[in-house]
Amino acid sequence: MTRPWPTIIALWLLGVLAAAQLAKISIIAPLLQSRFGLSLPRMGLLISLLEVGGATLGFVAGLSLDRIGLRRCLLTGLVLLTVSGLVEAMAPDVGALFVARALEGVAYLLVVIAAPTAIARVAGDTERGAALALWSSFFAIGVALGGALTSLAVDHIGTGGVMGGWAALLALAGLVAHRLPIGDVVADKARPRRMPRAAAWFATLAFGIYTFFGCALTLLLPTYLIRVAGASVTQAGLVTSVASMSTLPGCVLAVFLTRRGPLTSRMTVLIAVCMLALTAVAVPAVFHAMPGRMMPACVFAIIALMVSGLVPPLMFARLPMLAGAHRVGDPRIAIANGLLTQFGAGGALLGPPVGALLVEHQGWAGLGHALSLAVLAMLLVTLLAEALHVRTA
C-alpha cells in the first residue's frame with residue numbers, strides 16, 4: 001500500500017459513517033411512523049432530510065472551503081453529527097425529531113465536502129482517479145452498513161438506543177479525524193477564482209439524477225418489502241443492505257479502470273450507455289412482485305443497483321478533469337465537489353418523498369416506471385457532459 005492510502009481509506013470510512021445516518025431512519029421508519037403518527041410522505045421527508053444541507057448549501061460550501069479549512073470543516077461536521085444523533089435519540093416529539101434531522105443534514109454536508117477534497121489533495125497524480133472512484137462508493141456502502149447494523153440492533157436496544165449508538169461511533173470517529181495528516185486547502189489569492197467548466201456542471205447534474213433514483217429505490221424498498229412482500233423489519237433491513245452493497249463491484253471495477261489515469265470520453269460513454277440502459281429495463285421489475293413474495297423484488301433491485309453502480313465512480317474520477325482543474329490546489333476541485341454535493345443531495349432529498357407521493361397516486365408500479373425514466377435522463381445528461389468536455393478539450 002502506498003503512503004497516502006491509509007489516509008485516503010480513513011477519509012472514505014468517515015464518509016461511510018456519515019452516510020450510514022441516512023439508512024438508520026429508513027430502517028426504523030415503520031416504528032417511527034407508529035410512534036409519531038407520520039404519513040408516508042412525511043416519513044420520506046424525514047428520511048431524506050439528512051441531505052437538506054447539501055441540497056441548499058453545497059455550492060456555497062464548495063466556494064468557501066478554502067477559507068473555512070479542511071480540518072475545521074471535517075471536525076465540525078463530525079461533532080454536529082454526534083450532537084444531532086443524541087438529540088434524535090431523546091426527541092420527545094416529531095418537531096424535535098425533524099429539527100435534529102435538519103441539523104444532521106448540515107453536519108453531513110460539512111463531512112462530504114471536506115473528505116473528497118482532502119482525498120484529492122493527499123493522493124498523488126497517479127492515484128487520484130482511483131482514490132476518487134473509491135470515495136464515490138461511500139454513500140452506497142454507508143447506507144448498507146447503516147441498514148445492516150440498525151436492523152440487527154433495533155430489536156435489542158430500541159430506536160433510541162440505535163440513534164445513541166450511532167452518536168457514540170461518530171464521537172470516536174471525530175477523535176480519529178483529528179489526527180489525520182490532511183493539512184488545509186490554501187487559497188491561491190494571486191489568481192481570480194474560476195468556475196468549473198460546463199462539462200462538470202452537467203456531470204454533477206447527472207449524479208443528482210442518479211441519487212434521486214438510488215435513494216428512492218433503496219430507501220423505499222424496506223417499506224415495499226414489509227407492506228407488499230411480507231418481510232419483517234430485520235429481513236427488509238438486511239435485504240436493503242445487500243442491495244446497497246451490490247454497488248461495490250462497480251466501484252472496484254472503476255478503481256481498476258482508473259488506476260493508470262482517467263478513462264477517455266469514448267470509453268466513459270460506452271460504459272454509461274450499456275450500464276444505464278440495462279438499469280432502465282431492470283428497475284420496473286422490482287415493483288411487480290406478487291404479494292407475499294420477496295425474492296423477485298430483491299433480485300431485480302440488486303441487478304439495477306449493481307449495473308448502475310459503475311457509472312458514478314467514473315464521474316467522481318473524471319470530475320477534476322471535467323472541471324478544468326490541472327493542479328492539486330486549484331479551487332475548482334472544491335467548487336466541483338460542492339456542485340456534486342449540491343446536485344447529489346438535492347436528488348437524495350427529493351427521491352424518497354417524491355417516490356412516496358408517486359406510490360400514493362400511481363402505486364408501486366408507477367414508481368418503478370418513473371425511476372426507469374430517471375435513469376434514461378441521467379444517461380442523456382452524462383452524454384451531454386462528455387460531449388461538452390470533448391469540445392472544450
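Since the model is a prediction, treat every value here as computed from it, not as a measurement.
Residues Leu70 and Arg121 are in side-chain contact: their nearest non-hydrogen atoms beyond the backbone lie under 4.5 Å apart. Residues Val286 and Leu221 are in side-chain contact: their nearest non-hydrogen atoms beyond the backbone lie under 4.5 Å apart. Looking at heavy atoms from C-beta onward, Trp135 lies out of side-chain contact with Pro313 at the 4.5 angstrom threshold. Looking only at side-chain heavy atoms (C-beta outward), Phe300 and Val283 stay at 4.5 Å or farther from each other. By the 4.5 Å heavy-atom criterion applied to side chains, Leu11 and Thr7 are counted as neighbours. The shortest distance between side-chain heavy atoms of Ser372 and Phe213 does not fall below 4.5 Å. Side-chain contact between Leu132 and Pro320 is present, with heavy atoms from C-beta onward closer than 4.5 Å. The closest side-chain heavy-atom distance from Leu17 to Leu170 is below 4.5 Å.
Between Thr268 atom OG1 and Leu310 atom CG the span is 9.5 Å, to the nearest 0.5 Å. Within the model, atoms CG of Leu31 and CG of Asp155 stand 8.0 Å from one another, a figure rounded to the nearest 0.5 Å. Atom CG in Leu78 sits 9.5 Å away from atom CG in Leu110 (nearest 0.5 Å). How far CG of Leu253 is from CG of Leu314: 8.0 Å, rounded to the nearest 0.5 Å. Between Leu81 atom CG and Leu169 atom CG the span is 12.0 Å, to the nearest 0.5 Å. For the atom pair CG of Leu134 and CD1 of Ile9, the computed distance is 7.0 Å after rounding to the nearest 0.5 Å.
The shortest heavy-atom contact between Leu225 and Cys298 is CD2-SG, 4.4 Å. Across all non-hydrogen atoms, the minimal contact from Pro4 to Val122 is CB-O, 3.4 Å. The minimum heavy-atom distance linking Phe36 with Leu97 is given by the pair CE1-CD2, 3.8 Å. For Leu205 against Phe343, the heavy-atom pair with the smallest separation is N-CD1, 3.7 Å. Here the closest non-hydrogen pair linking Ala243 and Leu305 is O-CD1, 3.4 Å. Closest non-hydrogen pair, Ala304 versus Leu217, comes out as CB-CD2, 4.4 Å.
If you chain together hydrophobic residues whose side chains sit under 4.5 Å apart, Phe98 and Leu80 never meet in one group. Residues Leu75 and Leu109 fall into different hydrophobic clusters, defined by Ile, Leu, Val, Met, Phe, Trp and Tyr side chains chained together at heavy-atom separations under 4.5 Å. Note on Ile28 and Leu86: separate hydrophobic clusters, where clusters join Ile, Leu, Val, Met, Phe, Trp and Tyr whose side-chain heavy atoms are under 4.5 Å apart, directly or indirectly. Criterion: ILVMFWY side-chain heavy atoms under 4.5 Å apart, direct or through other members. Under it, Met378 and Val273 are part of a common hydrophobic cluster. In this structure, Leu322 is not a member of the same hydrophobic cluster as Ile209, with clusters built from ILVMFWY side-chain heavy atoms closer than 4.5 Å.
Remark: side-chain polar atoms of Thr117 are paired, donor with acceptor, to backbone N or O of Ile113 under 3.5 angstrom. Looking only at distances, no side-chain donor or acceptor of Ser137 sits under 3.5 Å from a matching main-chain atom of Ala133. Looking at Thr76, its side chain never comes within 3.5 Å of a backbone N or O of Cys73 through a donor-acceptor pair. Side-chain atoms of Arg197 never come within 3.5 Å of backbone atoms of His389 as a donor-acceptor pair (strictly under, hydrogens ignored). Side-chain N or O atoms of Arg101 include none that pairs as donor or acceptor with a backbone N or O of Ile25 at under 3.5 Å. With hydrogens and angles ignored, the 3.5 Å screen pairs no side-chain donor or acceptor of Thr247 with any backbone N or O of Gly309. Thr150 places no side-chain N or O within 3.5 Å of a backbone atom of Gly147 that could act as its donor or acceptor partner.
Every residue meeting the ring-ring contact (aromatic ring centres under 6.0 Å, His included) condition with Trp364, not counting sequence neighbours, appears here in chain and number order: Tyr224, Phe287. Applying the ring-ring contact (aromatic ring centres under 6.0 Å, His included) criterion to His369, with sequence neighbours excluded, gives His288.
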| What's the verdict on side chain to side chain contact (heavy atoms under 4.5 Å, CB included) for Leu149 and Trp166, showing C-alpha distance, side-chain angles and the deciding distance? | CA-CA 10 Å; Leu149 294 182; Trp166 282 113; 3.7 Å; yes
| side chain to side chain contact (heavy atoms under 4.5 Å, CB included) evaluation trace for Leu145 with Met245 | CA-CA 8 Å; Leu145 178 68; Met245 194 70 75; 5.9 Å; no
| task | Kindly determine whether Leu376 and Leu276 satisfy side chain to side chain contact (heavy atoms under 4.5 Å, CB included), including the steps that lead there. | result | CA-CA 7 Å; Leu376 294 176; Leu276 296 181; over 6 Å; no
| request: Begin with the C-alpha distance, continue with both residues' side-chain angles, and end with the deciding distance and a verdict on side chain to side chain contact (heavy atoms under 4.5 Å, CB included) for Leu270 and Cys274. | output: CA-CA 6 Å; Leu270 178 61; Cys274 294; 4.2 Å; yes
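With respect to Phe207, the side chain to side chain contact (heavy atoms under 4.5 Å, CB included) criterion is satisfied by exactly one of Leu340, Val311, Thr382: Leu340.
Counting non-hydrogen atoms of neighbouring residues, nucleotides and ligands closer than 6.0 angstrom, the CD atom of Glu360 exceeds 12 such neighbours.
Clustering of Ile, Leu, Val, Met, Phe, Trp and Tyr by side-chain heavy atoms under 4.5 Å joins Leu373 with none of the others.
Ionic pairing of Glu386 and Arg318 is present here: one or more N-O contacts between side-chain nitrogen and carboxylate oxygen are shorter than 4.0 angstrom.
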